[in-house]
Amino acid sequence: MLNVQKIREDFPALNQEIYGYPLVYFDNGATTHKPQIVIDTLIHLYSTVNSSVHRGMHQLSIQMTEEYENARSVVQYFINAAKREEIIFTGGTTGSINTIASSFGEAYISEGDEILITAIEHHSNIVPWQLLAERKKATIKVIPMNDRGELILDELDVLMTPQTKILALNHVSNALGTINPVKEIIEKAHERNIPVLVDGAQAIQHDKIDVQDLDCDFYAFSGHKVYGPNGIGVLYGKEEWLEKLPPYQGGGDMVSSVSFDKTTYAELPLKFEAGTANYPAAIGLGKALDYITSIGKETISEYEKTLLEYATEKMSKIDGLKFYGTSKNKISTLSFLMEGIHPSDTGLILDKMGIAVRSGTHCAQPVMTYFGIDGTVRASMVFYNTKEEIDRLYEGLIKVKQMFQ
Ligand code: PLP
């Protein structure tokens with residue numbers, strides 16, 4: 001069992017008041033708060049070790065390099081990658097997807113090729129592919145979804161053609177909370193030799209991720225959504241792919257030798273890490289992942305399931321509240337609208353009661369277009385949230401309703 005009150009003490013940002021009310025933070029899908037261990041790590045690194053990695057022969061640089069490379073191993077074990085060389089540090093999920101769209105796209109996409117995505121992607125997993133498709137005169141195809149916000153997999157056989165060169169899809173939808181059956185989809189894609197990139201931005205903090213079991217070719221996630229620092233993310237890639245792909249960016253650290261005639265590239269993973277890395281954030285991310293491991297991924301997802309059930313049941317009692325994203329297989333995120341009330345109004349009024357939710361399109365405009373709405377209100381809950389906070393949301397929504405009656 002999770003001792004939530006004790007866990008909350010680890011997150012200083014949770015212990016504050018907004019407009020005189022204790023904060024209820026339900027915007028975890030956008031970013032999560034950081035445990036003290038992550039904050040302390042950043043303060044410690046900047047106030048002592050602060051030195052560039054892989055470059056210096058002096059003690060501080062050696063120490064920082066060791067900690068940075070240790071963080072890489074922590075990520076490797078966290079997602080069960082076969083090799084540490086398969087872990088590339090990037091700026092975030094967006095950076096990871098752009099790395100593959102650019103690098104893979106350069107080498108493997110030509111005129112007439114097809115890139116397969118889904119109807120429930122975040123803009124980060126749409127726009128990089130559109131830019132690539134424009135550059136290469138390729139076509140984007142889209143796996144559709146149903147009214148529950150689930151992918152319609154019957155169409156996969158038709159959508160995957162000999163021209164399909166890559167499939168990019170999210171593990172969990174940020175706008176609706178749907179958990180996609182990525183393992184099954186990857187299997188089908190691999191039957192046709194189509195590599196798969198999984199956007200794990202909303203999955204990594206809720207469930208156990210095993211990239212070898214999924215057999216995905218690439219997996220992307222952001223540090224700040226998994227209790228780590230901002231400005232750091234991970235791109236996992238199978239070694240065989242990362243070896244074959246050209247570097248994404250050129251610069252320091254990603255080279256083995258440079259002359260005006262010819263440059264040779266560094267071995268993995270540095271081949272994909274041009275420039276001075278955000279090593280304090282990478283090390284902070286390692287601490288965040290260790291923190292989660294110490295609590296237990298299964299324990300976290302079990303608890304979050306109870307929050308989802310409780311919130312769904314409670315909010316279903318509100319007359320005129322409609323949920324968007326009603327798949328049985330969901331993370332603890334609720335997307336909804338109150339009849340006749342704009343989501344921004346709901347969000348603004350809740351804020352005045354100290355309740356932080358997200359309102360808008362959640363960077364998933366095609367999802368909103370599908371439902372014919374401007375946006376939704378999204379309450380995304382994680383393991384430091386409580387049933388009492390859900391009660392506060394419920395009461396807040398009742399007040400919002402009364403104000404508009
Ligand atoms: N993909 C999904 C599913 C997301 O939810 C997000 C952020 O909300 C992103 C990608 C982009 O993440 P970042 O802005 O950290 O790069």
Side-chain angles (χ1 to χ4, degrees), residues 52-55 64-65 67-109 115 124-125 127-129 131-132 135 165-166 168 195-201 204 209 211-212 214 216-224 226 228-258 262-286 289:
S52 195
V53 293
H54 301 141
R55 289 179 169 89
M64 191 65 110
T65 305
E67 293 206 37
Y68 179 65
E69 291 305 329
N70 180 45
R72 198 187 304 279
S73 302
V74 172
V75 175
Q76 179 201 344
Y77 293 119
F78 195 78
I79 62 171
N80 194 31
K83 298 186 174 177
R84 59 193 308 287
E85 289 78 11
E86 297 178 321
I87 305 299
I88 313 289
F89 284 118
T90 65
T93 309
T94 307
S96 301
I97 297 172
N98 274 281
T99 300
I100 295 306
S102 176
S103 180
F104 180 93
E106 194 51 45
Y108 291 96
I109 302 281
I115 299 157
S124 291
N125 204 23
V127 186
W129 303 109
L131 289 169
L132 169 64
R135 227 168 40 236
K165 292 292 149 58
I166 191 161
V196 182
L197 175 143
V198 180
D199 167 357
I204 190 82
I209 305 300
V211 289
Q212 292 188 75
L214 289 176
C216 54
D217 300 277
F218 307 103
Y219 199 94
F221 68 90
S222 302
H224 70 102
V226 61
N230 288 65
I232 192 76
V234 169
L235 167 65
Y236 158 81
K238 279 185 183 164
E239 187 184 33
E240 53 181 293
W241 273 116
L242 295 180
E243 287 289 4
K244 280 192 284 194
L245 296 183
Y248 170 47
Q249 291 182 318
D253 236 21
M254 54 74 72
V255 286
S256 166
S257 73
V258 178
K262 183 164 176 57
T263 289
T264 55
Y265 306 122
E267 302 280 304
L268 290 175
L270 298 191
K271 175 179 148 187
F272 285 97
E273 292 184 5
T276 304
N278 191 349
Y279 36 84
I283 297 164
L285 172 60
L289 301 184

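Residues take their numbers from the sequence shown, with the count starting at 1.
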Tyr108 atom OH, neighbour heavy-atom count above 12 within 6.0 Å: yes

Exercise: identify the closest heavy-atom pair between Ala201 and Thr93: CB-OG1, 3.5 Å

Considering all heavy atoms, the nearest Gly284-Pro229 contact: C-CD, 3.6 Å

Distance in Å, Phe221 CZ paired with Leu235 CG, rounded so as to fall on 0.5 Å steps: 10.0 Å

Distance-minimising heavy-atom pair for Trp129 and Ala168: NE1-CB, 3.5 Å

Expected output: side-chain Arg72 to main-chain Ile87 donor-acceptor under 3.5 Å: yes

More than 12 heavy atoms from other groups under 6.0 Å of NZ on Lys244: yes

Any donor-acceptor N/O pair, Ser103 side chain to Tyr248 backbone, under 3.5 Å: no

Test applied, side chain to side chain contact (heavy atoms under 4.5 Å, CB included); reference residue, His224; option that passes from Asn230, Leu285, Ile232: Asn230

Glu239 side, atom CD; Glu85 side, atom CD - distance, nearest 0.5 Å: 6.5 Å

Atom pair NZ/CG of Lys271 and Leu245 - distance to nearest 0.5 Å: 6.5 Å

Exercise: identify the closest heavy-atom pair between Pro246 and Ala107: CD-CB, 3.8 Å

Residues Ser96 and Thr90: side-chain donor-acceptor under 3.5 angstrom: yes

Reported NZ-to-OH distance for the pair Lys238 and Tyr219, which is rounded to 0.5 angstrom: 14.5 Å

Between NZ on residue Lys83 and OH on residue Tyr236, distance to nearest 0.5 Å: 10.5 Å

Closest non-hydrogen atom pair, Pro247 against Phe272: CA-CE2, 4.0 Å

Straight-line distance of His54 NE2 to Met64 CE, nearest 0.5 Å: 11.5 Å

Plane angle bin for Phe104 and Phe218 - parallel if under 30°, tilted between 30 and 60°, otherwise perpendicular: perpendicular

